[in-house]
Structure formats: C-alpha cells, structure tokens
Amino acid sequence: MELLDGLNEPQQKAVTHEEGPLLILAGAGSGKTRVITYRLAYLVKERGVSPYNILAVTFTNKAAEEMQERVDNLLGYSTSSLWIGTFHAISVKILRQDIEHLGYDKNFVIYDTREQEILLKNIMARLRIDPTEVHPRAVQREISRAKTLLKTPERYLVKTGSFFQEAVLKVYQEYEKEMKKSRALDFDDLIMKTVQLFVYVPAVLDRYQHRFKHLLVDEYQDVNHAQYRWINLLAGRNGNLCVVGDPDQAIYGFRGADIKNILSFEEDYPQARVVRLEENYRSSANILSSAQELIQWNLGRKEKALRTQRGAGPPVMIREFASEGEEASFVVEESQELIKKRQYQEKDIAIFYRTNAQSRILEDSLMKAAIPYRIVKGLRFYERKEVRDLLAYLKILYNPEDKLSLQRIINTPRRGIGKASWEALLDEAERLGITPYEALSRSQDIDLSSRQRSRLQKFYELIEDLRREIAGNEIDHLAHKVLGKTGLMRELEEEGTDDARSRIENIQELFNVMQEVDGVGMEALEEFLAGVALVAEIDTLDPEKGGLTLMTLHASKGLEFPVVFMVGMEDGFCPHSLSTEPEEKEEERRLCYVGMTRAKDRLYMTWAHSRQIYGNRFSREPSSFLQEFSPETFQEEDPESSEGKVESKEDFPLGSKVLHPTLGIATVISKKGKGDKLTLTLAFPNKGIKDIMVDYVDLEVLN
DNA sequence: CTTATGATAATTTTT
DNA sequence: TTATCATAAG
C-alpha cells in the first residue's frame, strides 16, 4: 500500500488502526502531523470512510489549515465535507445550528478577553465592588476556570465561599445576564454551551454522534475539562476516538488544560490501543539528549525512550552576557555569521523568548543590522484601536444588541454623545425593560436636552442606514461604507501624522483579511466576525514571508527550525517568577523542553547577568533548568559508536533514574571512568548535583 | 462634552 | 515602560 511507504512500524500501526479508541503518544519530532494526515487519508482511501463522517480537532487554525491541505494532497481532491478545526471554531458551527434549543439566539457575537474584561469592570462598578480589593483580572480568571469546569453560576458555589468567591459569584451571575442580553458568548462559553447542548438535547448529540463515526483530536495533552467532556460525549462509549499528544509538551495548564486527561486515557477507555512514536526525526543527538535529561526531572511522567537517527551535532550552546543588549547583539552577530557562511538562510533561524515584552530589544537589534524578520504577535494587531473600532461597527451591524460594541462606537468618532447621554440611554432601556439599541430607536422619549436627543437620533439613523447596506454586499464593501459614512476615515486622514498613517495601514491590513471571505450579506459578515474572534497568535505567522522568526515559547509548539536561540534563560523568566507551585514549575520545565526540541541542528540558550524590566535594572541568575542537563553528551567525531556505547554497555544509561540509599531518586547526567572506577554524576531534585562512585554505593536502577 | 494632565497601577504564556 | 484612570480646566 503506497500510503504506508516511508512510515516506520509504530507509525503504520497508528495509521491503520481499525475500530475503537486509540492513544498515540507522539514524542517531539516523531512525525506526528504526518501520522494524523496519513490516518485521515487512509480512512477515506483505504477504508472507504466518507469524509463527511470524520471530525478532526486541532489546537490552532493554522494547524487545521495545514492538515486540510495535506489531506487534500494525499487524496488528490479537496474534501470540504471533512470537518477540521479548533474546538472553538467547530463549536461555533454547531452552536449556530442548534443553540436555539438552549434559548439563545443563533446570531451571537463572540467577546474576546479584552471585551470580557471591560464588561466585568462595568459590572463590578455597578455592583460597587472595589477593583483594588477584588481584581477584575482575577475575577475573569476565576469565571473562566469555572466555565472550564462546566460550572454555571448556580453550581459555582454550593456552600459559602471566601470573600473573593462570594464576590465572583455575584459578578458571574450578572455577567451571564449581560452576555445573554447582548447575545454574546465568550471563548469558554463556546465550549461549555456545546457541552450543555449535547447533554440537555439528546437529539442533537445523537445527530452528531451518528455523523462523526471517526474522531481525531490533536494536542490532547492541552485539553481542558470542558473540552474533554465535549469529546467524550461525541465519541460515545465505544466510539472511534483517536487522540494524539505528548504529556511532556503540556503547556497550557494556566488556561485550564488538564494533563490528566491524556495520562488517564487508558482508564477512560479501557479498550484503548496505545501506540508510542519514539523515533525522533528532527533533532541531532546532543540536542535531543539534553532535552531528555531536562524533562526527566518532572515527576509522574509517562516514560518515553526517544531515539534519533541523526548524528551528534554540536552540543547545546549555553552563553552568558552582561546585559540583554549584549545578548541581543550576540544573537544578531551569530545569525549573520551562520548566514554568511551560507550554512543557513534567515528563515532557518528562530528566536524564542518567554514573554512578548522581550522581543523589543531583539527587534531593534535586527532592524539595525538590516536582517529581515517576521514576528508572531498577531493579537497586537487586533488590539489596535482603529481595528477594534471598525470591528465594533461591523459587530453592531451584525447584532445591534451588542451593548459593549455600542458603547465603544456611540461616540467614536466624536459626535458629542458623552458619558451622561450614554447613561441616560441605559437608564431608559432599564426602565422600559428593552435593549439599549431599542431605546436608541426611541431616543426622543429619553430625558435629555433636545440637542442630545437629536444627536442620538442621528447616530441611530446612521446605523440603520448602514444596516441596509449589508444585504448583497461583500464584507470589504460594507467596511468601506462604514469608514466613509461614520467619518472614521476622514478623521484619520485629516490628522495627517505618521501615527495616523500607520493606523490607516492597519485598516488596510484588515481589508486583506476581509478579502479572504467569500460570499455576501449577513452570512459573510457572520463568518468574518467569528473568524476574527478566533484567531490565535500563531495563525498570523505569514509562511510566505521570509526572514528570521521571533516568537514566544508557547507559540513555538509544533514548529521546527534548523537553528534556535532561546534567550532570557534566567530564573524569573524560565521558570517564570509567577509560577511558584510545583506543578507550575513542571509546566515551565515542559515549556523549556518544547523550546529545545524545536531545534534541528543548533540550539543556543542564552542569559544575561542584568536586565531592564519595567524601566528598572535587575540583577539576574541563570535558569535552574540550565543545570539540569549536560550540554554535551555525544562526541562529534563518532556519533554512531558513542551512541551505541551508552545504550548497550553500561548499566546506568544517561538520563536514567537511580535510587540512592540515603539521598533518594536522582538522574544520571554524566559518567566518568570504567568498571569499579565508574563515577556517575547524579542530579538530585532537591540536593543538587553529586559525583558518586558506583563501587561504594548500592545504586538501584529505576524505570 | 472634550481635552490635558498627572497619578497610579500593572505587567506570563492564549483559544 | 506602558496603559489606564481620575480629575480639573476649557
């Protein structure tokens, strides 16, 4: 079977697995994407499964697009009936169809984190909750956490809670009411409402269960509880559920992802078949073994024996600098060197950092050196005021009940409708039990000066006028009308500053996105708005554009580069100073592992003795993670035999765990001497690094 | 209602 | 360093 040519044995097993649950434990660089796409193609081509009966869930839109493209290539035709998308995107599709069963309007808008925060602040102000005492951000996280655990306000607090929890409960209740009035759903709602739909309306669940005879979920290690239920319900008891993931790459715990979902898959689905992909096709031996040594420090792992066919390659290069400026210079100069020697092109090189704020100095240095680069910070684009303003207009046109968008645009650009008028409008709506937009339509009745009333009236007519433009028009045409009729564009053009010009450019960029939407009218508007709400950072990485790539460690997941620089490898960044709990530390270590395993040939890890943060200069210490592996394990000269040596001849392979009679469990990080002179360098999680002569101590090999 | 000013706060990762 | 917020003057 040609489809299986070039796949190794476990890969083939994963691809050809027939019925029932399947867990694919895919180590870093083990050809995971290949296996998934081949499996999808295999089901269709060899098993005669209709694409219509398959659902594939990915983590980002980018992954979904790539997968769609690769499956189409393998099949030789395009499969539009095969659903591939993120949890959120697929949930939107389902909810548009069926959410009315839950008493919600199907023309909902999606509120992103930013809008959610504004709404929460509004509510807290109204409830007179002091934001310095109860932080809106904390409330936001708590509500998100609750939704992730499928807890409605009614189920949020069964008993009495802390002061904070009681406050959250009040806000949460109000928040839900407001969201419903605005016909809005937040990210967590998309998942939770879908689960509720499945649970409360069995006919709907039944329909989708029948449709999706095969389910495939990528990045299963980063699934949260709501998503777990979502999958679990669709798969039914004995469904053909294939999940793919790597517990060592679970890095979204902060967002509610629960690594236990993948760790206990075999208990959830006792008939599950497990396939391990342990052959690494990406990294050279030194990089891989260093990463392996690092990850060994995490407890409670599913042990994996990653192997590579590749040569030793250079060791992991750890460099220290006096300041972040010198660190950036090194990255730039080293990159130039690699490019000059024609070993690599710009696009082969990536720089990873922990926080977005770290990118600035790197960008400056690259710019000065005239090195082209592309950066993953897409959300910043949608954070821009001008972009959000235009989007708010479009959202109001789609759904006039969207109070937050109305609030945003009612006086943008300035039209003399200030806080007092807005509040009078809200009071009127409240008094009559109607929505703000309805109140606006009867603005003449509001208790305001006739001047203010006519301003409101004019605004209402503007929106109504624009609403008539929706039908039959393409989205970019509609947006042009908005820019023209509202005076948004005129305001920018008249300003004439550099800043204004760059804002016009941003709007132009938004038009590029609009042009990708086919169709006209309400449907196109709907598709565009949902698409915009659900973009991930990484989705904005332009694959066409060349240049060095900059991104956060989180964004790097799933990618690979011949050369990787990991900068800012300091305590405080990596692990991050806000990650203090042991579980959080382990997640930080996994994040570091993810970064390291992106590198194919050369991996640099750098840190600076001093660094400016929030305007102040701080003294920094190297990341404790750097001490958890020895950079050089394999000799360059003879990669084949040195690999063999480690594997076969010794009792204490590098990276293995041993039990020391008094000091406890440790990891073997290097070895010296032979026979009874054999000395191991052992790394103890709490007691540091010690040299131990094997002959004197009874060491027990674990695993 | 708008604008300017300065205080103040908050700074992890993101669908 | 930056964004956001409150206050006071125009």
Side-chain angles (χ1 to χ4, degrees), chain A residues 57-64 85-92 110-114 116-118 121 125 131-132 135-138 140-141 144 147-148 185-192 219 222-224 226-227 230 250-257 352-361 376-380 382-383 385 410-423 448-449 451-452 455 530-540 551-557 568 572-580 584 587-588 590-592 594-595 611-617:
Chain A
V57 186
T58 60
F59 207 62
T60 63
N61 297 301
K62 185 169 174 271
T86 63
F87 276 104
H88 294 86
I90 288 168
S91 295
V92 169
I110 300 164
Y111 277 2
D112 65 17
T113 322
R114 190 84 192 81
Q116 193 182 17
E117 195 187 338
I118 296 169
K121 278 183 185 161
T132 57
H135 292 238
R137 287 271 177 85
Q140 187 175 26
R141 278 184 56 173
S144 173
K147 290 189 173 183
T148 279
L185 296 182
D186 63 32
F187 290 142
D188 300 306
D189 284 333
L190 295 176
I191 312 295
M192 186 166 80
E219 309 281 12
D222 284 322
V223 159
N224 66 33
Q227 291 166 329
W230 194 104
I251 54 174
Y252 285 96
F254 70 92
R255 211 169 72 189
F352 302 156
Y353 34 78
R354 180 61 222 275
T355 68
N356 273 306
Q358 290 168 261
S359 72
R360 215 181 139 157
I361 183 145
V376 181
K377 54 170 183 182
L379 289 187
R380 299 264 173 90
Y382 290 101
E383 302 260 301
K385 183 185 177 308
I410 197 165
N411 199 29
T412 311
R414 310 263 112 87
R415 46 174 77 89
I417 303 174
K419 204 173 153 208
S421 306
W422 169 247
E423 272 168 8
L448 279 170
S449 69
R451 183 184 156 105
Q452 290 311 320
R455 281 173 171 167
V532 164
L534 298 177
V535 281
E537 291 220 326
I538 193 71
D539 295 336
T540 63
M551 68 180 87
T552 62
L553 284 166
H554 280 87
S556 76
K557 192 170 73 165
F573 275 150
C574 204
H576 197 277
S577 48
L578 296 178
S579 298
T580 46
E584 295 174 317
E587 179 152 312
E588 296 285 317
R590 291 194 291 267
L591 190 56
C592 188
V594 166
R611 181 179 298 272
Q612 206 170 24
I613 301 169
Y614 322 131
N616 291 355
R617 190 152 279 286

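Quick note on labels: first sequence line is chain A, next is B, and so on, each numbered from 1. Atom set for the values below is all heavy atoms of this structure, side chains included, hydrogens, waters and symmetry mates excluded.
In terms of the salt bridge (charged side-chain N to carboxylate O under 4.0 Å, His left out) criterion, A:R360 has no residue partners (sequence neighbours excluded). Among residues two or more places apart in sequence or in another chain, the ring pair (Phe, Tyr, Trp, His ring centres under 6.0 Å) test is passed with A:F573 by none. Partners of A:I361 according to the side chain to side chain contact (heavy atoms under 4.5 Å, CB included) rule, which considers only residues two or more places apart in sequence or in another chain, are A:E324, A:A328, A:S365. Considering only residues two or more places apart in sequence or on other chains, A:Y111 meets the ring pair (Phe, Tyr, Trp, His ring centres under 6.0 Å) condition with none of them. Residues satisfying the side chain to side chain donor-acceptor pair (under 3.5 Å) criterion with A:E588, sequence neighbours excluded, are A:R354, A:S579. A:H576 meets the ring pair (Phe, Tyr, Trp, His ring centres under 6.0 Å) test with no other residue; sequence neighbours excluded. In this structure, the side chain to side chain contact (heavy atoms under 4.5 Å, CB included) partners of A:P136, at least two apart in sequence or on a different chain, are A:K121, A:M124, A:P131.
At whole-Å resolution of the value, CZ in A:R137 and C1' in C:dT4 are 11 Å apart. Rounded to whole angstrom, the span from the CG atom of A:D222 across to the P atom of B:dT14 amounts to 13 Å. Note: CD1 (A:I361) to P (C:dT2) measures 13 Å, nearest angstrom. Protein atom NE2 of A:H576 is 14 Å distant from nucleotide atom C1' of B:dT14, rounded to whole Å. Note: CD (A:Q140) to P (B:dT12) measures 13 Å, nearest angstrom. For the pair A:R354 CZ and B:dT13 P, the interatomic distance rounds to 7 Å; values are reported in whole Å. In this structure, A:H88 places its NE2 atom 10 Å from C1' of B:dT14, rounding to the nearest Å. In this structure, A:F187 atom CZ and B:dT15 atom C1' are separated by 6 Å, rounded to whole Å.
Note: A:I90 CD1 to A:L534 CG = 11.0 Å, rounded to the nearest 0.5 Å. Here the CG atom belonging to A:L553 is positioned 8.5 Å from the CD atom belonging to A:Q358, to the nearest 0.5 angstrom.
Residue A:N356 places at least one side-chain N or O under 4.0 Å from the OP1 or OP2 atom of B:dT13. One finds a side-chain N or O of A:H135 lying less than 4.0 angstrom from the OP1 or OP2 phosphate oxygen of B:dA10. In terms of phosphate contacts, A:R114 brings a side-chain nitrogen or oxygen within less than 4.0 Å of OP1 or OP2 of C:dT4. Taking 4.0 angstrom as the limit, A:S579 places none of its side-chain polar atoms (N or O) nearer than this to OP1 or OP2 of B:dT12.
C:dT4 and B:dT13 have their P atoms separated by 15 Å, with the value rounded to a whole Å. Annotation: C:dC5 and B:dT12 have their C1' atoms spaced 24 Å apart (nearest Å).
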Report each atom pair, protein N/O against N/O of nucleotides 5-10 of chain C, whose distance is under 3.5 angstrom.
from: C:dC5; atom 1: OP1; to: A:K121; atom 2: NZ; distance (Å): 3.1

Heteroatom pairs (N/O) under 3.5 angstrom, protein to nucleotides 1-5 of chain B:
from: B:dC1; atom 1: OP1; to: A:G418; atom 2: N; distance (Å): 2.7
from: B:dC1; atom 1: OP1; to: A:S421; atom 2: OG; distance (Å): 3.1
from: B:dT2; atom 1: OP1; to: A:G416; atom 2: N; distance (Å): 3.1
from: B:dT2; atom 1: OP2; to: A:N411; atom 2: ND2; distance (Å): 2.9
from: B:dT3; atom 1: OP2; to: A:R414; atom 2: NH1; distance (Å): 2.8

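Residues A:L578 and A:T113 both approach DNA chain B. Their nearest nucleotides, taken by heavy-atom distance, put A:L578 toward the 5′ side.
No engagement by A:F87 is indicated, since no non-hydrogen atom pair under 4.0 Å with the nucleic acid exists. At a threshold of 4.0 angstrom between heavy atoms, the contacts of A:R360 are confined to the sugar-phosphate backbone, with no base atom among them.
Stacking of the aromatic ring of A:H554 onto the base of B:dT13 is not found under the criterion of centres within 5.5 Å and planes under 30°. Under the stacking criterion of a centre-to-centre distance below 5.5 angstrom and an interplanar angle below 30°, A:Y614 is not stacked against the six-membered ring of C:dT2.
Classified by interplanar angle (parallel below 30°, tilted 30° to 60°, perpendicular above 60°), the ring pair A:F87/A:W230 is perpendicular.
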